[in-house]
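Here the structure is laid out as structure tokens; the discussion comes afterwards.
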Amino acid sequence: MTTRTHLECSRTGEKYPIEVARNLSASGAPLLVRYDLEAARRSWNREWLASGPSSMWRYAPVLPVAKPASITSLGEGWTPLVKLRRLGAELGAANLWLKDEGVSPTGSFKARGLSCAISMCRELGITKVALGSAGNAASAAAAYAAAAGIEAHIFMPRDVPQSNYLECMAFGAKVTLVDGLISDCGRMVAERKDAEGWFEINTLKEPYRIEGKKTMGYEAAEQFQWRLPDAILYPTGGGVGLIGMWKAFEEMEALGWITGPRPKMIVVQAEGCAPIVKAFEEGKSECEFWHGAMTVSSGLRVPKPIGDFLILDIVRQSGGTCVAVGDRAALEAGARLARLDGVFAAPEGAACVAAAERLYASGFLKADERVLIYNTGAGLKYLEAYSALYPRMEGGAADKLGGLITPR
Ligand SMILES: *Cc1c(COP(=O)(O)O)cnc(C)c1O
């Protein structure tokens with residue numbers, strides 16, 4: 001099982017015991033889980049993965065859960081790696097791939113992070129969790145909390161996609177709709193958690209979600225036969241997936257599983273909320289708060305990511321870049337991807353398709369490079385957003401169906 005050893009401050013390196021629930025380090029920075037990778041290297045072989053579970057728990061030795069009975073799994077991870085044959089042909093890209101996280105439980109890759117976090121909460125005896133979320137993290141938290149028998153208190157912006165609200169209600173979470181952004185939701189959790197006895201599981205405010213998300217990095221390596229792609233396009237909100245993948249690369253190098261250069265990490269954001277893109281272009285190491293954040297890509301509506309300094313450092317170290325995409329361009333790229341290769345992506349993933357188009361055109365991406373796009377969610381979760389492309393007459397089938405059900 002796990003080879004975990006301790007928690008470590010991402011800023012100062014200060015160590016903390018992993019057997020105790022903890023949010024941030026003393027200096028207020030995110031905490032990272034560390035492992036005895038030497039021991040893992042001796043006792044674990046990548047060839048054995050083939051007989052492991054078809055979920056992210058195939059990487060259990062580098063996940064923080066100690067007791068198998070704590071694992072709360074709905075089949076997250078081990079998602080399809082799809083070659084974008086027809087879109088690639090149109091873009092002149094011979095080696096363009098998409099990791100389709102849209103098939104995850106609750107329709108987004110947030111399932112990975114929350115499966116890990118809720119499993120750890122269960123192991124640590126936590127009975128109530130709380131988070132602020134712009135959308136999909138809420139759905140995943142609600143689902144895994146339901147499966148674990150943990151109470152979930154969720155704060156979401158009032159204009160969150162309908163799918164996220166309905167899922168949370170159906171999963172039995174205690175939902176508060178907030179007139180504000182994810183930052184306001186997070187603040188409400190922070191203000192009330194001590195009095196209410198909630199363990200806060202906001203993005204990067206606890207060390208476990210990143211561990212779940214890092215399995216995207218392990219999986220990309222395994223599915224590409226241990227040769228990492230040349231570039232990865234990642235729709236970046238809080239940046240947890242990006243930081244997590246980078247951590248996975250570091251760990252796999254220590255395990256002796258991969259060698260050679262790491263991928264260029266490409267941050268994709270929405271024009272209506274692009275704090276990382278702005279900081280990158282201005283040569284800054286941290287972001288400023290992005291006022292009036294607005295985009296249909298709810299997962300990208302994070303005005304000031306807490307891990308901004310880590311994200312910017314990774315992009316620069318990797319020789320990557322940052323791209324902002326408008327909502328209409330993202331949805332149109334989503335439609336193009338669907339039409340050509342049969343994947344109906346979330347606008348966040350679709351924004352990466354639009355960014356790829358632009359980067360091939362500018363020559364930043366080369367035709368023969370192996371390029372991996374992360375589609376982090378299902379297009380089906382964003383019916384309001386895609387309706388803008390395909391409006392129907394009022395009183396259409398959906399409205400009629402609604403009329404069949406008598407309100408209580
Ligand atoms: C949360 C979310 C993102 C952003 O993820 P981070 O790892 O926090 O940057 C991207 N896409 C979708 C669909 C999301 O739900």
Side-chain angles (χ1 to χ4, degrees), residues 30 76 79 98-114 116-117 131-143 156-157 160-161 163-164 167-168 181-183 185-186 201-206 209-217 232-248 265-270 273-277 287 293 295-308 310-312 314-315 322 325 330 334 343-353 355 373-382 385-386:
E76 52 293 321
T79 54
L98 180 124
K99 187 76 170 137
D100 192 10
E101 298 288 311
V103 303
S104 307
T106 67
S108 89
F109 77 134
K110 293 289 195 304
R112 295 179 187 259
L114 272 307
C116 187
L131 85 164
S133 162
N136 290 320
S139 305
M156 297 193 283
V160 74
S163 58
N164 297 124
E167 283 176 291
C168 290
L181 295 177
I182 187 174
S183 39
C185 298
I201 53 170
N202 282 335
T203 303
L204 288 180
K205 291 271 182 79
E206 50 69 41
R209 279 171 63 178
I210 184 173
E211 293 303 296
K213 282 193 173 182
K214 87 178 175 192
T215 59
M216 287 193 293
I232 289 181
L233 288 101
Y234 184 77
T236 306
V240 189
L242 186 112
I243 301 166
M245 281 194 273
W246 199 250
K247 183 171 189 278
M265 301 300 277
I266 300 167
V267 160
V268 178
Q269 297 202 294
C273 182
I276 302 273
V277 182
C287 300
T295 167
V296 297
S297 295
S298 49
L300 306 187
R301 213 170 150 197
V302 182
K304 166 87 170 102
I306 175 168
D308 54 357
L310 299 169
I311 301 166
L312 285 158
I314 290 166
V315 173
C322 298
V325 175
V343 176
F344 188 31
E348 291 87 342
C352 291
V353 173
I373 289 174
Y374 271 88
N375 172 38
T376 42
L380 283 175
K381 297 203 77 174
Y382 297 80
Y386 275 106

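Just follow the structure's listing: the first ligand is 1, and inside any ligand the first atom is 1.
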Protein heavy atom at shortest distance from [atom]:
{"atom": "atom 11 (N) of ligand 1", "value": "T376 OG1, 2.6 Å"}
{"atom": "atom 9 (O) of ligand 1", "value": "G239 N, 2.6 Å"}
{"atom": "atom 5 (O) of ligand 1", "value": "F109 CZ, 3.3 Å"}

Should you measure from each heavy atom of [X], which atoms of ligand 1 turn up under 4.0 Å away?
{"X": "Y382", "value": "13 (C)"}
{"X": "N136", "value": "13 (C), 14 (C), 15 (O)"}
{"X": "V240", "value": "6 (P), 7 (O), 8 (O), 9 (O)"}
{"X": "K213", "value": "5 (O), 6 (P), 7 (O), 8 (O)"}
{"X": "G238", "value": "6 (P), 8 (O), 9 (O)"}
{"X": "P235", "value": "4 (C), 9 (O), 10 (C)"}

Shortest heavy-atom approach to atom 4 (C) of ligand 1 - which of G299, G241, G349, S104: G299
Of the listed options E348, K110, R112, E101, closest to atom 3 (C) of ligand 1 (non-hydrogen atoms): K110
Touching ligand 1 at all, [X]? Heavy atoms, strictly under 4.0 Å?
{"X": "Y234", "answer": "yes"}
{"X": "A137", "answer": "no"}
{"X": "T236", "answer": "yes"}

Side chain to side chain, [X] and [Y], heavy atoms closer than 4.5 Å:
{"X": "P157", "Y": "L181", "answer": "no"}
{"X": "R209", "Y": "L131", "answer": "yes"}
{"X": "M265", "Y": "Y234", "answer": "no"}
{"X": "P303", "Y": "I182", "answer": "yes"}
{"X": "R112", "Y": "K214", "answer": "no"}

Flag for E101-T79: side-chain donor and acceptor within less than 3.5 Å: yes
Donor on one side chain, acceptor on other, N136 and K381, under 3.5 Å: yes
Residues that A142 engages under side-chain contact (heavy atoms from CB on, under 4.5 Å), provided they are two or more places apart: I154, C168, F171, A173
Heavy-atom closest contact (P305 atom, G238 atom, distance): CB-O, 3.9 Å
